[in-house]
Amino acid sequence: MQLFSLKRFFRKDPRLTTDVLADLVDSLYAPFVSLVLGAASSASLTFAVALYADLPQIAYCSALLAFVSCVRVGAVLAYRRRDRAKDRSRAALTKWEAIYAVGAYAFSGALGALDVVALRDTNDAVVHMLVLTVTTGCTAGAVVRNSGVRHIALGQLLFNVAPVCAAALARNEAAYYILAFTFFVFTVSAFDICFYQSANMLRVLYARKQTSKLAQQLEERNKRFDAALNNMPQGLCMLDGDGRLVVTNARVANAFGTSAANISAGQTIEAFASSLQASGALTQESADLFVREIFVNLRAGRTACTLIPRRDGGVVSATQAAQEDGGAVVIYEDVTERQEAEARVRYLATHDALTGLPNRALFTRLLREKVDACRGGQGRFSLLFVDLDRFKAINDTLGHAAGDALLREVSARLKTCLRACDAVARLGGDEFVVILHDMDTPRNAVRVAESLLACIAAPMPIAGQECGVSASIGVALYPCDGADDETLLRNADSAMYLAKAEGKGVVRLFSPKAKTQTLQGLTLENDLRRAIKRDEFLLVYQPKRCIATGAITGVEALLRWRHPELGLLPPDRFIPIAEESGLIVPMGKWVMERACAQHMAWRAQGLGPVSVAVNLSPRQLYDDHIVSDICEALAKAGMEPDWLELEITENMVMQDAGDALMVLRAIKETGVKLAIDDFGAGHTSFALIRQIPLDKIKIDRSFVNDILTDPNDRAIAEAIISLGQALKLRVVAEGVETEAQEAFLREHGCNEIQGYLFSRPLEADALHAFVSDHNLGRLLRMRDSGAIKKSA
Ligand SMILES: Nc1nc2c(ncn2[C@@H]2O[C@@H]3COP(=O)(O)O[C@H]4[C@@H](O)[C@H](n5cnc6c(=O)[nH]c(N)nc65)O[C@@H]4COP(=O)(O)O[C@H]3[C@H]2O)c(=O)[nH]1
């Protein structure tokens, strides 16, 4: 069927790509020698025939043949000289194919003409034989040579053979009929060969193109694979089922901190492990683990991850994934940093970052384990709840960095004072807890707790200054003060609360009383939160008297709390709670506003010039809004600032020469007066006092109390008065109860006194009446003594 499918034979393959067309055109022009030799031999032979037959028409044909051959040789030379790079377009190729086809058809036409002339014009059998030999040879050559381009091969076949057959039949002789038939058979066979050769050549060309395309794709894929392999952050090894490295990258060596020379494809995993060991990357043990795990996973065909310790302390993770062919892919990664980070996270989850002590979470676990271990009479222990006294004030005064340093110092001291078997933890803030192993009697537990107190109380250098801090400790014993961890901790906390309530800096054992006190403390704090809104606070005012003139110069506003159930509470019952909880800030603001308003109310009622003093707490001093709060209180009342006096305590400025001074100067700039309260009780350096913009010093009540009997107190009082005089500050003595005390103070140059001698703190109306009476009495005394007349 193929043989007679002429349409198909002539049709160009639709898949014919430009590349393949180029190869086909090349196949036409490439056999140069055969073309030259074929042309030369056929031309010379036909010339010889022409001479032999002595027929000019044969000579013309052979001349035409020679001419066409020369043109064809020229075309081949031109094709070979062309610029291949530019001349690869489909149009150019089609042009060259057409040039070749014209040459081939012309050559065959000339040959066919020769055959017709020879068979028609002569009966010489030798001429016929020579001409037909040339035709047969050229036809066979053309079919073989041009079979890549079928229409050229077929065209030549037809142009060569058809004239022979026609001329042979025209002779009307039996022998020439046979000749025509033979040529016909030859044509059909040549046709078949041409078809086969053509198809085969196309197949080969397509296959070659496909192969080169695949090779190119493979090369590109390999390049991509290599790029991916060498640029991935992890090391990769592909192993065959026998544990031999098939593929690997340089990162494997990096992960083990060794050179890439130690690893190569084709190596067994044992050889690889040995080279890692020899290079010092792995210990013998790690190398064994490295090989063992790979084979275990290979055999089980499972995916698994192994951590391989390096000799330098690093860790490499090997994640092995099984492959279908029995091999595996292993990803090696240096996870040293990740492991360290995880360890750090684990550490931080259980330890306090500031002090390095176990945190609440770890301590809760330790305490629970301890209780479990001691359950059923298996053991006893003590739990201490340690809370620093006035830590918040210290933190606020000296700053957080100093507070942190103090906490670190305290935890270091606690650790040093305890045995290795005891445990200490920081619950948060300034709260520490201690488990005293085997400490089963109250006496022993208290003894250790007191030694901790002493240890904490020793002066510590914080922020470049000697700082003294005390702590309160509550003690609960297992199992008598709590059979489970929560109860025990709660009871130790209650005992600590009792220690705070009973003066701070002491140790208290848990008792039902401690529990009640704690409950009261907590209840008070809750009540305190609501007290401002419910208007439960009130101010009382204690007058101050000028020693020289006897006039009331000012009053000190003192806070009281009218508790709905507990009645009137003095400040020492609630100020410490307010300080601890921070409620002192809004409370202090309320006091300032109320005192200013009262001062203006008295003035409106005709009371003479009486300044009003208000106590400031450390928390207030370091509150960002203190200056604006002062201005607001003055503005609300419409009061001039120099009638308001703010009393700060010595401790508030004791250890800070920076922040405290800055705030105090800003306060002073508002125009209010500043007094230092309880002077002498702290450790303020005289150098520091000089830097504070003060107006007044108040001698602490504790010195005034025994001023006549205790030489030390007397010396201190005298020194304070001298200091005040030297710094040109007014000196006020607090807590003056007797005339003898007043006489002493007068004699030594003290300016003012405050105390029960002439007045307790009074409510606003009572104070108004007191000052009016006092002034009236004074006027009368002055008139009686003639002082008024004299001055008038
Ligand atoms: N034994 C005796 N005591 C006398 C005598 N004269 C006065 N006092 C008492 O001494 C305290 C003087 O106040 P302070 O030193 O500022 O000491 C105050 C002050 O530090 C604090 N406080 C009172 N009100 C406030 C306030 O509004 N804000 C702040 N932050 N603290 C306040 O509470 C402390 C105690 O205040 P109060 O209980 O009112 O006690 C007052 C007063 O009643 C006397 O002759 N003999």
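Being a predicted model, the structure only gives us computed values, none of them experimental. For this chain, numbers begin at 1 and follow the sequence in order. Whatever order the structure lists ligands and atoms in, that order sets their numbers, starting from 1.
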**OP:** Going by heavy-atom distance to atom 27 (O) of ligand 1, choose the closest among Leu558, Leu559, Leu616.
**Re:**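 Going through Leu558, Leu559, Leu616 one by one, Leu559 has the nearest heavy atom to atom 27 (O) of ligand 1.
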Assess, by modelled atom type and distance only, whether the side chains of [X] and [Y] contain a donor and an acceptor separated by less than 3.5 Å.
| X | Y | answer |
| --- | --- | --- |
| Asn615 | Glu556 | yes |
| Ser470 | Asp389 | yes |
| Arg778 | His774 | no |
| Glu734 | Gln754 | no |

Nearest to [atom], what protein heavy atom do you find, and at what distance?
| atom | value |
| --- | --- |
| atom 46 (N) of ligand 1 | Glu737 OE2, 2.6 Å |
| atom 45 (O) of ligand 1 | Tyr756 N, 2.8 Å |
| atom 31 (N) of ligand 1 | Asn615 CB, 3.6 Å |
| atom 15 (O) of ligand 1 | Glu734 OE2, 3.1 Å |
| atom 21 (C) of ligand 1 | Pro571 CB, 4.2 Å |
| atom 43 (O) of ligand 1 | Pro761 CG, 3.5 Å |

Under 4.0 Å, heavy-atom basis, I'd like to know which part of [X] is in contact with ligand 1: side chain, backbone, both or neither.
| X | result |
| --- | --- |
| Ile575 | side chain |
| Asp677 | side chain |
| Gln542 | side chain |

State the [atom1]-[atom2] distance between [X] and [Y], to the nearest 0.5 angstrom.
| X | Y | atom1 | atom2 | value |
| --- | --- | --- | --- | --- |
| Ile456 | Ser451 | CD1 | OG | 9.5 Å |
| Ile707 | Thr738 | CD1 | OG1 | 9.0 Å |
| Ile575 | Leu569 | CD1 | CG | 11.5 Å |

Original post:
Does Glu579 come within less than 4.0 angstrom of ligand 1, counting non-hydrogen atoms of the residue?
Top reply: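 Not so, Glu579 does not reach ligand 1.
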Original post:
Can Gly735 be said to touch ligand 1, with heavy atoms closer than 4.0 Å?
Top reply: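 Yes.
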Atoms of ligand 1 less than 4.0 Å from [X] heavy atoms?
| X | result |
| --- | --- |
| Arg701 | 1 (N), 2 (C), 3 (N), 4 (C), 8 (N), 9 (C), 10 (O), 11 (C) |
| Val591 | 27 (O) |
| Gly755 | 6 (N), 45 (O) |

Original post:
Cation over ring, Arg545 on Phe758, under 6.0 Å and within 45°?
Top reply: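 Flagged: Arg545 positioned over aromatic ring of Phe758.
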**OP:** For Arg408, look at atom CZ and say whether over 12 heavy atoms of other residues, nucleotides or ligands are found less than 6.0 Å away.
**Re:**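 Yes, enclosed.
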Original post:
Within a reach of under 6.0 Å around CG of Asp572, are more than 12 heavy atoms found that belong to other residues, nucleotides or ligands?
Top reply: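 For Asp572, atom CG is crowded (more than 12 foreign heavy atoms under 6.0 Å).
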Subject >> N/O donor-acceptor pair under 3.5 Å between Trp602 side chain and Ala764 backbone >> reply: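 The answer is yes, because a donor-acceptor pair under 3.5 Å joins these two groups.
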Below 3.5 Å, N or O to N or O, backbone or side chain included: is there any such pair between [X] and ligand 1?
| X | value |
| --- | --- |
| Pro570 | no |
| Glu556 | yes |
| Gln620 | no |

Subject >> Verdict with supporting geometry, Thr355 and Asp352, side-chain hydrogen bond (donor to acceptor under 3.5 Å, both in side chains) >> reply: CA-CA 6 Å; Thr355 60; Asp352 169 39; 2.5 Å; yes
Original post:
Right, does atom 1 (N) of ligand 1 have protein non-hydrogen atoms nearer than 4.0 Å?
Top reply: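 It does: a protein heavy atom is found less than 4.0 Å away from atom 1 (N) of ligand 1.
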